[in-house]
Enquirer: 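Before I ask anything, let me first share the structure, which is written out below as structure tokens.
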Amino acid sequence: MSQKAQIGVTGLAVMGRNLARNFARHGHTVALHNRSYGRTKELVEQFGHEGTFLPAETAEQFVASLERPRRVVIMVKAGPATDAVIDEFAPLLEEGDMLIDAGNAHFADTRRREAALKAKGLHFVGAGVSGGEEGALHGPSIMPGGPKESYEALGPLLEDIAAKVDGEPCCVHVGPDGAGHFVKMVHNGIEYADMQLIAEAYDLLRQVGGLSPAEIAGVFGQWNEGRLGSYLIEITAEVLKQVDADTGKPFVDVVLDQAEQKGTGRWTVQAALDLGVPVSGIAESVFARALSGGADVRKAAADAGLPGPSASAGAHAGDLVADVEQALFASKIVAYAQGFQQVQAASKEYGWDIDPGAMAKIWRAGCIIRAKFLDFIKQAYDKQPDLPTLLVDQYFLDAVSGAQDAWRRVAATAAQQGIPAPGFSSALAYYDGLRAKRLPAALIQGQRDFFGAHTYHRIDKEGSFHTLWATEDRSEVDA
Ligand code: 6PG
């Protein structure tokens, strides 16, 4: 075979197909492979005119059609399918070749695969890719991990197909082994939190404010012009505008109110628990989806007629639309602050040396959580890469302190009127927890010492102490 491909894609379902087309549209020759050849043929028939594709029927042909070092993008369902593809291709590859997993893999799997392939002299790059089908075709945000040297041969191709902001690609080498997939996972966790907060805003405007979905679409349209401007706010307006063709009802009223999930939000929370980082906003959003999907429990509650607040629960004491905007912005800041803190904690734990400002930079376009305010996050970390929390950066501090009265009114209204707003309320509780001079954790230490002699530290002396709770004088001893 004379002509060689710069890159190959195996797994040609919609995401793989669109990535392959994106590479081809950027002038790269793309080798194609799929478990069933039908899909490969179909791609070439439909989109062959977009660039140069080298379709291969077998893994051997596919590998032979790639220039060295070979770059093989794997785009299959995360999990055992990825291992199967690696097992198929690794024996055909040579030292220095690269396998790039562009699926939503768990970062621990990526670490394991990277270590195993390194032992064989191969580079394994776990690359987070965000932006859905459209992003894959027109410019995703790409978060590649893996060995730094692989980025020299791979980065320019990925940067070509990535989304751009002022000509700068939304793609950067995140860090070694599982760093890319970890960051993509947290991106998705933040995505869950963002979506939950937006859903709560909608619910309050509808239930407290009495606005129709079409009117709320208008509100979101306006918000999108301001500091909340983001892809998720924009598509929320579109979804709320939609009218069901069958019934003539708003689309949101004919869809079952049970949110599904593929699991990346849950992974984010599991990893945060292990790292000891309180990502309460992300956790609430995962739990809210689980609650919505708990049909049996919800039915039992409905059957039992769990009572709501008395009819006299007060009206909202303020301009509801303006207050909800403030609550949404402040809660969103908390969710992002928590997610970034988790990335920093993992970076430290695994020695990844992730630049949080670079993450904010590559999330400004292409990905699902792209938002105007990521520019401010980038600036905050550029100023101080080891910022302990975004909430202490001046822009965010001002935004949250400016929002807090409205935020409190919204959380109070939700509680008084019996409307679930776990995202808003937990974000506010997190904020109050962070700023508290004294937390009741001192009492918890006392309880632990009482029942389990777990000891405590004092504010006025060095060392560990234990109180002899069972004795009459309850004296304190050094522990
Ligand atoms: C993206 C998305 C994408 C996706 C997730 C979330 O960044 O392009 O996050 O990865 O839509 O699969 O899906 P669930 O809500 O089903 O977990």
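Just so you know, these numbers come straight off a predicted model, no measurement behind them. Atom set for the values below is all heavy atoms of this structure, side chains included, hydrogens, waters and symmetry mates excluded. The residues of the chain are indexed from 1 along the displayed sequence. Atoms within a ligand are numbered from 1 in the order they appear, just like the ligands themselves.
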Enquirer: Tyr192 and side-chain contact (heavy atoms from CB on, under 4.5 Å): which single residue from Thr268, Ile369, Thr264 fits?
Expert: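 When side-chain contact (heavy atoms from CB on, under 4.5 Å) is applied between Tyr192 and each of Thr268, Ile369, Thr264, only Thr264 qualifies.
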Enquirer: Any sub-3.5 Å donor-acceptor pair from Gln384's side-chain atoms to Tyr381's backbone N or O?
Expert: no
Enquirer: What atoms of ligand 1 come closer than 4.0 angstrom to any heavy atom of Lys262?
Expert: 12 (O), 13 (O), 14 (P), 16 (O), 17 (O)
Enquirer: With a cut-off of 4.0 Å, which atoms of ligand 1 are near a heavy atom of Gln261?
Expert: 16 (O), 17 (O)
Enquirer: Could a heavy atom of Met195 be found less than 4.0 Å from some atom of ligand 1?
Expert: no
Enquirer: Can you pull out the closest protein heavy atom to atom 8 (O) of ligand 1? Residue, atom name and distance to 0.1 Å, please.
Expert: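 Result for atom 8 (O) of ligand 1: Gly131 N, 2.9 Å.
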Enquirer: Please confirm whether Cys367 comes under 4.0 Å of ligand 1, counting heavy atoms of the residue only.
Expert: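 No heavy atom of Cys367 comes that close to ligand 1.
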Enquirer: Heavy atom of Gly263 under 4.0 Å from ligand 1?
Expert: yes
Enquirer: Once the angle between the rings of Phe373 and Tyr336 is folded into 0 to 90°, is it parallel (under 30°), tilted (30 to 60°) or perpendicular (over 60°)?
Expert: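 Because their plane-to-plane angle is over 60°, the rings of Phe373 and Tyr336 count as perpendicular.
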Enquirer: Of the protein's non-hydrogen atoms, which lies at the shortest distance from atom 5 (C) of ligand 1, and what is that distance?
Expert: Asn188 ND2, 3.6 Å
Enquirer: Mark up the atoms of ligand 1 that fall under 4.0 Å of a heavy atom belonging to His187, in ascending order.
Expert: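 Listed by number with element, the hits are 7 (O).
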Enquirer: Look at the rings of Phe376 and Tyr395 and say which category their plane angle falls in: under 30° parallel, 30 to 60° tilted, over 60° perpendicular.
Expert: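 Taking Tyr395 first and then Phe376, their aromatic rings lie parallel (interplane angle under 30°).
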Enquirer: What protein heavy atom is closest to atom 15 (O) of ligand 1, reported as residue, atom name and distance in Å?
Expert: Arg289 NH1, 2.9 Å
Enquirer: Quick one: does ligand 1 sit under 4.0 Å from the side chain of Met15, the backbone, both or neither, non-hydrogen atoms only?
Expert: neither
Enquirer: Give a yes/no on ligand 1: does Gly265 have at least one heavy atom closer than 4.0 angstrom to it?
Expert: no
Enquirer: Distance under 4.0 Å to a non-hydrogen atom of Ile368: what atoms of ligand 1 satisfy this?
Expert: 1 (C), 2 (C), 7 (O), 8 (O)
Enquirer: Among protein heavy atoms, which sits nearest to atom 9 (O) of ligand 1, and what does the distance come to when rounded to 0.1 Å?
Expert: Glu191 OE1, 2.5 Å
Enquirer: Can you list the ligand 1 atoms lying under 4.0 Å from a non-hydrogen atom of Asn104?
Expert: 10 (O), 12 (O)
Enquirer: Starting from atom 7 (O) of ligand 1, which protein heavy atom do you reach first, and at what distance in Å?
Expert: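 Sorting protein heavy atoms by distance from atom 7 (O) of ligand 1 puts Ser130 OG, 2.4 Å first.
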Enquirer: Is there a donor-acceptor contact under 3.5 Å from the side chain of Arg364 to the main chain of Lys361?
Expert: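 Judged by distance alone, yes, a pair lies under 3.5 Å.
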Enquirer: For Trp407 and Tyr431, take the angle between the two ring planes, folded into 0 to 90°, and tell me which bin it lands in: parallel under 30, tilted 30 to 60, perpendicular over 60.
Expert: tilted
Enquirer: For the residue pair Asn104 / Lys262, report whether a side-chain donor-acceptor contact shorter than 3.5 Å exists.
Expert: no
